[in-house]
Amino acid sequence: NWAFGVEDEEEFVRLVLAGQPEPPAYFGRMKTVNRDGPRVLGRLPSPPALPPDRVEPVLAAGALVIDLRPAADYAAGHIPGTVSLPLTRGFTTYAGSVLPYDRELYLLAAESSGGPAAEAARDLALIGLDHVRGRFGPDALERWVAAGGALERIETVTAREAAGLAEQGAAILDVRTQAEWDDGHLPGAEHVPLGTVAERAGQLPAGRTLVVHCQGGSRSAIAASLLAARGTGRVVNLAGGYAEWTASGLPVERTWAGGLADMVVGPARGPKRKGVSR
């Protein structure tokens, strides 16, 4: 058993945790809720429909408006300041990684029926995010434009276009997990896991284009919306992610123990981490 061959406690802990996914931010909150008991809601949450002209005052008051539409629809045009969180199978996990517990939440869906918003509100309540105050329909976007507001867009690029932007001085942000990063990453990229994007937004390179990527484009679309909502300048999403980058034969880098790095072309696969000192 490899574990009995490790005499140093810190090294043992490092090896046991190597390769484990980062827990979503809500895990810490859930420990307290499970200990003390959840707030009694009385019924399943069903956010009330709000008039479309309420979006602007809601955002101005510091609330967070979550756009539930598909990432491509959000990228094509969204209300400035809103955050993309598509209602997919990963909705609850991603929500628990990026949404705050100390701000009022509102939902914006592509349907006016209220079904998607009610589903999202129930899912959020399961992880203690039970302060959804209302919902908006697609008429909110129409009203925004009719009132003279411009819809913002998130630019998407291919892997080779991202490589060209990097050569021109753009900063590459990798929002994947530590295990994914260890297996290989874009040369010169900065590792900013999805759950830390909001808190680290102010520390990112100012005045430079930010090219955001994950493994396949889902997490980076969320991260790009978080950055755009904070007005961090030009934010670009590498829609095909690391998978497209390696499939295109572009170079990737692996960093080994001691800070040594090597460069390879194509998929970079490191050795299994458990029991291996790198």
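Separation of atoms CD (Glu161) and OG (Ser248) is listed at 10.5 Å; rounding is to 0.5 Å. For the atom pair Glu253 CD and Leu186 CG, the distance stands at 9.5 Å (nearest 0.5 Å). Residue Arg208 holds its CZ atom at 9.0 Å from CD1 of Ile172, rounded to the nearest 0.5 Å. Here the CG atom belonging to Asp67 is positioned 9.5 Å from the CG atom belonging to Leu85, to the nearest 0.5 angstrom. Here Trp245 contributes atom CH2 and Thr158 contributes atom OG1; the two are 9.5 Å apart, rounded to the nearest 0.5 Å. In this structure, Thr82 OG1 and Leu107 CG are separated by 12.0 Å, a value rounded to the nearest 0.5 Å.
Side-chain contact check for Leu99 versus Leu124: some heavy-atom pair is nearer than 4.5 Å. Counting only heavy atoms from C-beta outward, the side chains of Val65 and Ile79 never approach each other to under 4.5 Å. Side-chain atoms of Leu194 and Cys214, non-hydrogen and from C-beta on, never get closer than 4.5 Å to each other. Under the 4.5 Å side-chain criterion, counting only non-hydrogen atoms from C-beta, Tyr101 is in contact with Ile127. Looking only at side-chain heavy atoms (C-beta outward), Leu165 and Arg234 come within less than 4.5 Å of each other. A heavy-atom distance below 4.5 Å is found between the side chains of Asp174 and His213. Counting heavy atoms from C-beta outward, Leu173 and Val197 have side chains that stay 4.5 Å or more apart. For the pair Gln203/Glu190, no side-chain contact is recorded, criterion being any heavy-atom separation below 4.5 Å from C-beta on.
Leu141 and His78 make their closest contact through CD2-CA, 4.4 Å (heavy atoms, listed as atom of the first residue, atom of the second, distance). When all heavy atoms of Phe136 and Arg54 are compared, the pair lying nearest together is CE2-CB, 3.7 Å. Counting all heavy atoms, side chain and backbone alike, Pro205 lies closest to Ala171 at CG-CB, 3.9 Å. Among all heavy-atom pairs drawn from Glu10 and Asp8, the shortest one is N-OD2, 3.2 Å. Summarising the geometry of Leu87 relative to Pro116, their closest heavy-atom pair is CD2-O, 3.4 Å, with the distance given to 0.1 Å. Between Leu41 and Ala125 the shortest heavy-atom distance is CD1-CB, 4.2 Å.
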Stepwise side-chain contact (heavy atoms from CB on, under 4.5 Å) test for Glu180 and Tyr242: CA-CA 10 Å; Glu180 291 172 306; Tyr242 183 77; over 6 Å; no
Working note: Val252 + Thr246, criterion side-chain contact (heavy atoms from CB on, under 4.5 Å); need CA distance, chi angles, decisive distance, verdict. CA-CA 7 Å; Val252 297; Thr246 56; 3.8 Å; yes
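More than 12 heavy atoms of other residues, nucleotides or ligands shown are found within 6.0 angstrom of CD on Glu199. Under a cut-off of 6.0 angstrom, the local environment of CD in Glu152 is crowded, with over 12 non-hydrogen atoms contributed by other residues, nucleotides or ligands.
Val55 is connected to Leu151 through a chain of hydrophobic side-chain contacts under 4.5 Å among Ile, Leu, Val, Met, Phe, Trp and Tyr, so both are in one cluster. Tyr106 and Ile66 are members of different hydrophobic clusters when ILVMFWY side chains are connected at heavy-atom separations under 4.5 Å. In the hydrophobic clustering of this structure, Phe91 groups with Leu226; members are Ile, Leu, Val, Met, Phe, Trp, Tyr whose side-chain heavy atoms approach within less than 4.5 Å, directly or through other members. A chain of hydrophobic side-chain contacts below 4.5 Å, direct or via other Ile, Leu, Val, Met, Phe, Trp or Tyr residues, connects Val212 to Leu204. Linking ILVMFWY side-chain heavy atoms closer than 4.5 Å, directly or via other members, places Val98 and Leu108 in two distinct hydrophobic clusters.
No donor-acceptor distance shorter than 3.5 angstrom exists from the side chain of Arg135 to the backbone of Ala109, with no hydrogens or angles considered. Not a single donor-acceptor pair under 3.5 Å links the side chain of Ser112 to the backbone N or O of Gly137. Looking at Arg103, its side chain does come within 3.5 Å of a backbone N or O of Gly62 through a donor-acceptor pair.
A salt bridge is defined here as a Lys NZ or Arg NE, NH1 or NH2 lying under 4.0 Å from an Asp or Glu carboxylate O, and Arg122 with Glu119 fails to meet this definition.
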